[in-house]
Protein chains: 2
Amino acid sequence: MNENNKLASSIGKMPTMADVARVAGVSPMTVSRALRKHQFVSTKTMERIEHAVDQLGYVLDKSAGALSSRRTGFVAALVPSLNNSNFADTVRGITSGLTQSGRQVLLGYTDYSIENEEQLIEGMLRWRPEGIIVTGGRHTARARKLLQNAGIPVIETWDLPPNPIQNVVGFSNAEACRALVYRLYERGYRKIAFLGGTTTRDTRGADRRLGYQRAVDELGLPPGRVISFGSPPISMQQGGEAIVLLLRQWPDVDAVVCVSDLSAFGAIAECQRRGLDVPDRIAIAGFGDFEVARCSHPRITTVAVDAEAIGQLAAGQLIRALDSKDLNTPETLVVPFTVLERESTRKA
Amino acid sequence: MNENNKLASSIGKMPTMADVARVAGVSPMTVSRALRKHQFVSTKTMERIEHAVDQLGYVLDKSAGALSSRRTGFVAALVPSLNNSNFADTVRGITSGLTQSGRQVLLGYTDYSIENEEQLIEGMLRWRPEGIIVTGGRHTARARKLLQNAGIPVIETWDLPPNPIQNVVGFSNAEACRALVYRLYERGYRKIAFLGGTTTRDTRGADRRLGYQRAVDELGLPPGRVISFGSPPISMQQGGEAIVLLLRQWPDVDAVVCVSDLSAFGAIAECQRRGLDVPDRIAIAGFGDFEVARCSHPRITTVAVDAEAIGQLAAGQLIRALDSKDLNTPETLVVPFTVLERESTRKA
DNA sequence: TGCAAATATGGTATCGATAAACTGTCTGCA
DNA sequence: TGCAGACAGTTTATCGATACCATATTTGCA
């Protein structure tokens with residue numbers, strides 16, 4: 001098979017559409033139409049062309065097609081991270097929706113940094129994507145400008161930006177976290193702490209903290225019980241370390257809301273290691289409904305958001321915007337969240 | 001800002017390099033060189049061009065550049081899945097390596113199906129990637145042919161294919177799993193079962209099972225204690241369900257090797273729920289050194305493979321192959337694995 | 001039978017950049 | 001002083017496909 005390679009690279013030239021046309025005895029234009037399953041090609045010619053294609057091992061060159069049709073078929077999608085996060089599900093939703101419509105997703109990770117995001121946006125726009133899906137509503141000024149001037153549909157996800165660029169598919173992280181705190185309150189918890197990352201890089205994490213603080217204020221609970229530990233994404237490991245700090249500082253805490261299920265899980269495991277029963281000694285809740293929250297022992301109370309649906313909805317919105325060629329009516333899609341009470345906050 | 005959009009799309013035309021050239025008072029070629037940081041452009045012209053660029057809000061069109069230079073800057077990477085798998089780490093390794101060299105990764109998920117893989121390969125090749133990284137060594141016949149005829153570097157990862165297409169960055173899943181079983185044997189376990197997925201879709205999973213079986217044979221342990229449950233990727237949930245079946249069928253089992261840490265974790269949690277102590281009543285080991293294995297209580301014995309390094313090495317190999325323009329010396333890089341003994345198999 | 005509409009196909013001109021080869025300028029050193 | 005060679009910039013010719021318009025053939029139906 002090595003031989004084959006040397007062959008391909010020594011002959012060097014890959015066959016082009018013109019070659020196919022020559023072999024099939026038609027014009028390149030007809031080949032082009034045939035390969036795009038255009039309607040006006042007779043069955044006979046179609047077969048001849050298909051035959052020529054296999055014979056030559058021809059592979060369509062989309063990068064040439066993109067230039068001449070001025071439709072690249074690319075869609076850019078930027079997420080903070082893929083590792084251990086719901087964004088992987090969102091990406092799956094995006095890709096499944098878009099590949100079906102024959103488009104190619106260009107994926108980028110910002111690593112939770114809006115400066116990286118700016119860089120990535122700039123880089124992605126060079127490929128002339130037909131649309132772009134970003135995570136969150138906070139961007140650098142230049143990034144906003146780039147997105148606005150790109151002249152393509154823009155979708156912000158996973159958030160409800162106060163000042164959206166165009167389309168939005170998201171929910172209020174603050175409201176969701178607030179609802180979680182209220183639920184804990186209803187269950188009788190009164191000394192509720194929040195455990196999250198230090199920086200404001202993770203804006204969704206920051207919003208969740210905000211929701212927590214609002215709820216604590218409204219309910220008249222002791223405020224300020226916030227541990228900020230490590231930079232996002234908060235890992236399980238960090239959750240475990242942070243809970244130790246938290247318990248040292250406020251030993252009377254009876255419930256902890258974590259910025260994500262991963263940190264919640266880490267916290268729970270660490271408590272178990274130290275012989276602190278969850279939920280009897282301390283209740284711990286997470287955010288995101290990760291699989292680990294559904295399967296761990298105890299199962300973890302959390303806020304569920306359908307991450308894959310966010311991706312699918314974003315893809316759908318994008319496709320609709322492209323088809324209607326009408327950027328004038330940006331729409332905001334609010335996806336629901338659900339507080340799922342599980343064993344980790346079941347008061348004895 | 002909406003206005004801005006309407007503006008951009010109603011004016012319609014994005015500025016081109018020729019526009020920049022006109023504004024800067026130079027030829028398009030000079031602009032091209034300037035933007036690619038080519039050496040032979042004087043500082044003065046450079047500045048004029050940069051100024052013209054921001055003035056017009058010009059964004060380079062790489063898809064046009066790709067056509068004329070016949071170097072797209074794309075690299076295709078195919079992984080089985082991104083959700084809850086080490087492949088997300090590998091992808092990160094791939095992208096970080098390649099974006100630094102100015103290339104764009106085209107990502108695709110096969111969903112553990114080589115038929116999907118074939119489709120994706122075909123689709124990706126249309127974009128004329130400069131190289132392609134695939135997962136595993138099993139492909140459809142047509143996929144192999146497509147890869148061989150593409151005339152670009154091909155890298156197979158996460159496996160040691162008996163019949164590699166070109167380059168390889170991987171390890172023997174069978175050997176790794178065999179080593180794990182041996183370690184359990186050394187620790188005194190004698191009735192060791194294997195818990196994995198049903199189908200042969202996940203070839204790495206199948207290899208791990210093979211390694212298990214080989215070890216059991218060699219050690220003279222009771223064979224056939226294999227539970228196959230659900231299709232890959234085996235989730236935590238499925239691990240939990242499978243361990244129940246396993247214990248019903250072979251109540252005397254003293255150790256279980258799971259196809260991944262996720263299923264191991266699910267199995268452990270289910271045992272805990274049923275009051276079966278891990279590791280005292282039953283030892284459970286996983287594979288992959290996921291974060292959950294490092295943080296759970298008990299911590300899970302596993303086989304660690306540096307997934308991100310696989311990606312980085314693959315990226316490095318690819319870049320080297322591209323630079324040397326020499327496909328004639330395919331190399332196989334074997335990455336190490338380590339059996340990590342943790343609490344989940346600590347015999348009392 | 002006749003003729004408009006529908007269907008099939010071809011010819012030509014791009015799309016927006018870069019490669020390659022070429023023309024001047026300027027420098028430094030024998 | 002003269003000339004090689006480095007440097008700056010231009011001109012021209014693609015790259016491989018598709019849009020658009022023109023043309024040829026067929027079909028449908030009054």
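Protein chains get the first letters and strands the later ones, always in sequence-line order, with residue 1 at the start of each.
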Novice: Does S42(B) make a side-chain N or O approach to OP1 or OP2 of dA8(D) shorter than 4.0 Å?
Specialist: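 Answer no for this pair, as no side-chain N or O of S42(B) is under 4.0 Å from OP1 or OP2.
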
Novice: Output the rounded distance in Å from CG (D61(A)) to C1' (dC15(C)).
Specialist: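 My rounded result for the distance is 14 Å.
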
Novice: May I ask you to verify if any side-chain N or O of T16(B) is less than 4.0 angstrom from the OP1 or OP2 atom of dA17(C)?
Specialist: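 Affirmative; the distance criterion is met.
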
Novice: Please give me the minimum heavy-atom distance between L98(A) and A315(A), naming the atom from each residue.
Specialist: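 Heavy-atom minimum between the residues: CG-CB, 3.9 Å.
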
Novice: D19(A) has an atom CG; how far is it from atom P of dG16(D), in whole Å?
Specialist: 9 Å

Novice: Give the rounded distance in Å between these two atoms: CG of L56(A) and P of dG16(D).
Specialist: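 To the nearest whole Å, that distance equals 14 Å.
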
Novice: Could you give the CE-to-P distance, from M46(A) to dT7(C), as a whole number of Å?
Specialist: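 Between P of dT7(C) and CE of M46(A): 16 Å.
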
Novice: Are R71(B) and S69(B) close enough that a side-chain donor and a side-chain acceptor fall under 3.5 Å?
Specialist: no

Novice: Hey, is the side chain of Y58(A) poking within less than 4.0 Å of OP1 or OP2 on dG16(D), counting only N and O atoms?
Specialist: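 No, Y58(A) has no side-chain N/O under 4.0 Å of OP1/OP2 on dG16(D).
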
Novice: Could you pull out the closest heavy-atom pair between V53(A) and L35(A), with the gap in Å?
Specialist: CG2-CD2, 4.1 Å

Novice: Where the side chain of L67(B) is defined as all heavy atoms beyond and including C-beta, which of dC20(D), dT10(D), dG16(D) is the nearest nucleotide?
Specialist: dG16(D)

Novice: Calculate the interatomic distance between R71(A) atom CZ and dA19(D) atom P; express it in whole Å.
Specialist: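 Distance, rounded to whole Å: 8 Å.
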
Novice: Considering only side-chain heavy atoms of F40(A), which listed nucleotide, dT18(D), dA17(C), dT7(C), is closest?
Specialist: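 Out of dT18(D), dA17(C), dT7(C), the nucleotide with an atom closest to F40(A)'s side chain is dT7(C).
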
Novice: I want to check one thing: is the phosphate of dA17(D), taken as OP1 and OP2, less than 4.0 Å away from some side-chain N or O of S69(A)?
Specialist: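 Answer is no, no contact under 4.0 Å.
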
Novice: From C-beta outward on M29(B), which listed nucleotide comes closest to its side chain: dA19(D), dT10(D), dG16(C)?
Specialist: dT10(D)

Novice: Within this structure, what is the CZ-to-C1' distance between R33(A) and dA8(C), rounded to whole angstrom?
Specialist: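 So the CZ-C1' distance, R33(A) to dA8(C), works out to 7 Å.
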
Novice: More 5' along DNA chain D: S27(B) or A18(A), using each one's nearest nucleotide?
Specialist: S27(B)

Novice: Has R70(B) got a side-chain N or O lying under 4.0 Å from the OP1 or OP2 atom of dG16(D)?
Specialist: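 The answer is yes; a side-chain N or O of R70(B) sits under 4.0 Å from OP1 or OP2.
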
Novice: Can you give me the closest heavy-atom contact between G93(A) and S96(A), atom names plus distance?
Specialist: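 That would be O-OG, 3.2 Å.
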
Novice: Indicate, with a heavy-atom threshold strictly under 4.0 Å, whether R36(B) touches base, sugar-phosphate, or nothing.
Specialist: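 Sugar-phosphate: the residue R36(B), judged by heavy atoms under 4.0 Å, touches backbone atoms but no base.
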
Novice: Which nucleotide wins on minimum distance to the side chain of T45(B), given the candidates dC15(C), dG10(C), dG9(D)?
Specialist: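 So the side chain of T45(B) is nearest to dG9(D).
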
Novice: Quick one: closest heavy-atom pair of R204(A) and P80(A), and the distance?
Specialist: NH2-CG, 3.5 Å

Novice: Using OP1 and OP2 only, check whether a side-chain N or O of S68(A) sits under 4.0 Å from dT18(D).
Specialist: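 Result: no.
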
Novice: Figure out the CH2/P separation between W127(A) and dC15(C), and round it to whole Å.
Specialist: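 After rounding, the reported distance stands at 20 Å.
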
Novice: Just the rounded figure in Å: distance from P of dA8(C) to CG of L35(A).
Specialist: 17 Å

Novice: Does S63(A) reach a base, just sugar-phosphate, or nothing at all? Heavy atoms under 4.0 Å.
Specialist: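 Here S63(A) touches no strand at all.
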
Novice: Are D19(A) and R22(A) close enough for a salt bridge, meaning some N to O gap below 4.0 Å?
Specialist: yes

